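Below is one structure, written out as structure tokens; comments come after it.
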Amino acid sequence: MPVMEIKKMGDPVLKQICAPVEHVDKKIRRLLDDMAETMYAKEGVGLAAPQVGVPLRMAVINVDKKKLYDLINPVIVEREGSMVDQEGCLSFPGLFGDVERAEKVRVEYLNRYGKKKFVEAEGLLARALQHEIDHLDGKLFIEIAQNLSEGRRARE
Ligand code: CO
């Protein structure tokens, strides 16, 4: 499976509002596989389709190297609380900033076979879900981050 090129800061595809996936077919599954491969190769925990130049509502997430989420047409249906932590993005290599996110989210999505699923998440998974779903609406973390800096800040 090929590792895809990641679109970087300034590429207009990153600002696009992505279209829903209409048919979950083999082509979509292949794209999800290539996105996962690309995410692993770049050591990211999430990747959205527009980041590989495809303006469709799809993302892959794996925050613990155990469970890979293939998300098609994901929607946040519940959010609770708030948390602030450092965030980065494969489209902005080396840039990090503090981003406020909901502490817990419930997300509805279609899996790689088009079956409706829900995931309830907190912590890093909740953060990744919100970050990737923002990508599908052309929203970038640098637009909402505080204390943007180059390089990851050491944890206190
Ligand atoms: Co990102």
Side-chain angles (χ1 to χ4, degrees), residues 1-21 28 30-77 79 82-112 117 119-155:
M1 286 180 286
V3 169
M4 304 173 88
E5 184 207 336
I6 294 187
K7 304 296 179 187
K8 301 283 162 48
M9 172 158 31
D11 193 304
V13 73
L14 294 177
K15 290 303 299 165
Q16 236 171 292
I17 294 183
C18 297
V21 174
I28 291 294
R30 189 169 308 140
L31 182 56
L32 286 164
D33 290 340
D34 291 346
M35 285 168 57
E37 199 71 11
T38 305
M39 172 180 72
Y40 294 136
K42 305 293 179 189
E43 293 178 13
V45 297
L47 186 69
Q51 291 183 276
V52 291
V54 179
L56 286 175
R57 304 191 79 83
M58 296 169 49
V60 292
I61 292 177
N62 187 338
V63 297
D64 58 6
K65 297 189 173 142
K66 285 180 200 142
K67 172 126 179 76
L68 171 67
Y69 288 92
D70 287 322
L71 306 160
I72 298 169
N73 301 341
V75 178
I76 297 172
V77 291
R79 49 179 92 226
S82 85
M83 58 176 174
V84 177
D85 204 351
Q86 215 175 172
E87 216 167 276
C89 178
L90 291 175
S91 293
F92 302 83
L95 262 190
F96 296 89
D98 296 322
V99 181
E100 184 176 355
R101 299 285 187 189
E103 194 178 358
K104 292 183 187 169
V105 291
R106 181 175 162 86
V107 171
E108 181 185 321
Y109 65 99
L110 300 178
N111 73 3
R112 61 191 283 120
K117 295 276 203 177
V119 53
E120 275 169 24
E122 53 183 66
L124 185 55
L125 180 57
R127 177 169 296 279
L129 284 161
Q130 293 169 82
H131 178 113
E132 301 313 330
I133 292 170
D134 269 0
H135 268 299
L136 308 182
D137 291 315
K139 294 181 187 159
L140 303 171
F141 91 106
I142 53 156
E143 297 160 351
I144 52 171
Q146 308 283 325
N147 310 316
L148 265 181
S149 66
E150 293 199 16
R152 187 182 279 279
R153 201 175 55 239
R155 302 209 163 255

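Whatever order the structure lists them in is the order used to number ligands and atoms, beginning at 1. None of these values were measured; they are calculated from a predicted model.
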Count, waters excluded, of protein N, O or S atoms under 2.8 Å from the Co ion (ligand 1):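 My tally for this metal is 3.
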With Y69, the side-chain contact (heavy atoms from CB on, under 4.5 Å) member among L125, L129, V63: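 The option that passes is L125.
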All side chain to side chain contact (heavy atoms under 4.5 Å, CB included) counterparts of P93, not counting sequence neighbours: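 Side chain to side chain contact (heavy atoms under 4.5 Å, CB included) list for P93, sorted by chain: K8.
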Exceeds 12 heavy-atom contacts within 6.0 angstrom, atom CD of Q146: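 Not more than 12 within 6.0 Å, no.
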Flag if over 12 foreign heavy atoms under 6.0 Å of NZ, K15: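 Yes, enclosed.
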Residues which pass ring pair (Phe, Tyr, Trp, His ring centres under 6.0 Å) with F141, listed by chain and number, not counting sequence neighbours: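 For F141, the residues satisfying ring pair (Phe, Tyr, Trp, His ring centres under 6.0 Å) (neighbours in sequence not counted) are F92, H131.
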Selection residues 88-106 - residue pairs positive for salt bridge (charged side-chain N to carboxylate O under 4.0 Å, His left out), sequence neighbours left out: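 Every salt bridge (charged side-chain N to carboxylate O under 4.0 Å, His left out) pair that includes a residue of residues 88-106, provided the two are not neighbours, is E78-R106, E87-R101, D98-R153, R101-D134, R106-E120.
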